[in-house]
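Taking it in order: structure first as structure tokens, then the write-up.
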Amino acid sequence: MFEPRAESAKSKEKYELQLCLPVTELSRLLGPQLIESVAFTSSDPFLRTGTDLAVLYQAKNTQALLTALTLRRVQIGLKHPEAKAVEGKLGDLSYTGLVSKDRAICSYLANIGDNVVAVTNSLAQLKKLADAHNGQATSLAQLDEFRFFRQRYLHG
């Protein structure tokens, strides 16, 4: 939309693979059973050329959603053996992931809070999300401008 020429960089397909979140019939069927709402966040608007990206799910059933997303990651890993499983901690937050050297696949999965599941391609972004959840960083919900627009344009 902001580009002078209309051509596809296949960004959707790139991020689906990178985050291990392919859109399939199964995800369309199971998604509404497992997910209450979805939010996306990024540090910049340059999706076409590459950026950190996080998908935040408000889960109806957190454990089932974590299991489904882990299964997706395993399926991608079987097709791309160059990608290696990773796990670690950022403070108190544990994460698992799948990462290839060229970052064509770079997916980290973490449960943030009671019913929020995050999938991101950036450990730095995952740390910022965890810090915001723990009150160690300012979240958008705490900003006056955000509250103003939330009240002006009510959800639903």
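Leu56 and Leu34 are members of different hydrophobic clusters when ILVMFWY side chains are connected at heavy-atom separations under 4.5 Å. The hydrophobic clustering, which links ILVMFWY residues whose side-chain heavy atoms are closer than 4.5 Å, places Leu71 and Val86 apart. Ile35 and Leu69 fall within the same hydrophobic cluster, where Ile, Leu, Val, Met, Phe, Trp and Tyr residues are linked whenever their side-chain heavy atoms come under 4.5 Å apart, directly or through other members. Linking Ile, Leu, Val, Met, Phe, Trp and Tyr whenever their side-chain heavy atoms come within less than 4.5 Å leaves Val116 and Leu65 in two separate clusters. Note on Val117 and Tyr15: same hydrophobic cluster, where clusters join Ile, Leu, Val, Met, Phe, Trp and Tyr whose side-chain heavy atoms are under 4.5 Å apart, directly or indirectly.
One N or O on the side chain of Gln125 and one on the backbone of Thr41 form a donor-acceptor pair closer than 3.5 Å. Judged by distance alone, the side chain of Asp102 and the main-chain N or O of Ala104 form a donor-acceptor pair under 3.5 Å.
Hydrophobic cluster membership of Ile76, counting Ile, Leu, Val, Met, Phe, Trp and Tyr whose side-chain heavy atoms lie under 4.5 Å apart directly or via other members: Leu17, Leu98, Ile105.
Under the salt bridge (Lys or Arg N to Asp or Glu O under 4.0 Å) criterion, Arg103 pairs with no residue at all, not counting sequence neighbours. Legend: residues meeting side-chain contact (heavy atoms from CB on, under 4.5 Å) with Asp144, ordered by chain and number and at least two apart, are Arg147. Evaluation of the salt bridge (Lys or Arg N to Asp or Glu O under 4.0 Å) rule for Lys14 yields no partner, not counting sequence neighbours. Under the rule for a side-chain contact (heavy atoms from CB on, under 4.5 Å), the partners of Phe148 that lie at least two apart in sequence or sit in another chain are Arg152. The side-chain contact (heavy atoms from CB on, under 4.5 Å) search around Leu143 returns Thr138, Leu140, Phe146, not counting sequence neighbours. Partners of Lys127 according to the salt bridge (Lys or Arg N to Asp or Glu O under 4.0 Å) rule, which considers only residues two or more places apart in sequence or in another chain, are Asp131. When the salt bridge (Lys or Arg N to Asp or Glu O under 4.0 Å) test is applied to Glu82, no partner is found at least two apart in sequence or on another chain. Not counting sequence neighbours, Ala85 has no partner by the side-chain contact (heavy atoms from CB on, under 4.5 Å) test. In this structure, the ring pair (Phe, Tyr, Trp, His ring centres under 6.0 Å) partners of Tyr95, at least two apart in sequence or on a different chain, are Tyr108.
At a threshold of 4.5 Å between non-hydrogen side-chain atoms, the residues Glu16 and Val23 count as touching.
The CG atom of Asp52 sits 6.0 Å away from atom CG of Asn121, with the distance rounded to the nearest 0.5 Å. Taking SG of Cys20 as the reference point, atom NE2 of His80 lies at 8.5 Å (rounded to 0.5 Å). Taken to the nearest 0.5 Å, the CD1 atom of Ile112 stands 11.5 Å off from the CG atom of Asn115. Atom CD of Gln18 sits about 8.5 Å away from atom OG1 of Thr120, to the nearest 0.5 Å.
Within a 6.0 Å radius of CG in Asp114, other residues, nucleotides and ligands contribute 12 heavy atoms or fewer.
Defined by atom type and a distance below 3.5 Å, a donor-acceptor pair is missing between the side-chain atoms of Ser107 and Arg72.
Residue pairs satisfying the side chain to side chain donor-acceptor pair (under 3.5 Å) criterion with at least one member in residues 55-66, sequence neighbours excluded, are listed as follows: Ser37-Gln58. Pairs engaging residues 87-98 under the salt bridge (Lys or Arg N to Asp or Glu O under 4.0 Å) rule: none recorded [sequence neighbours left out].
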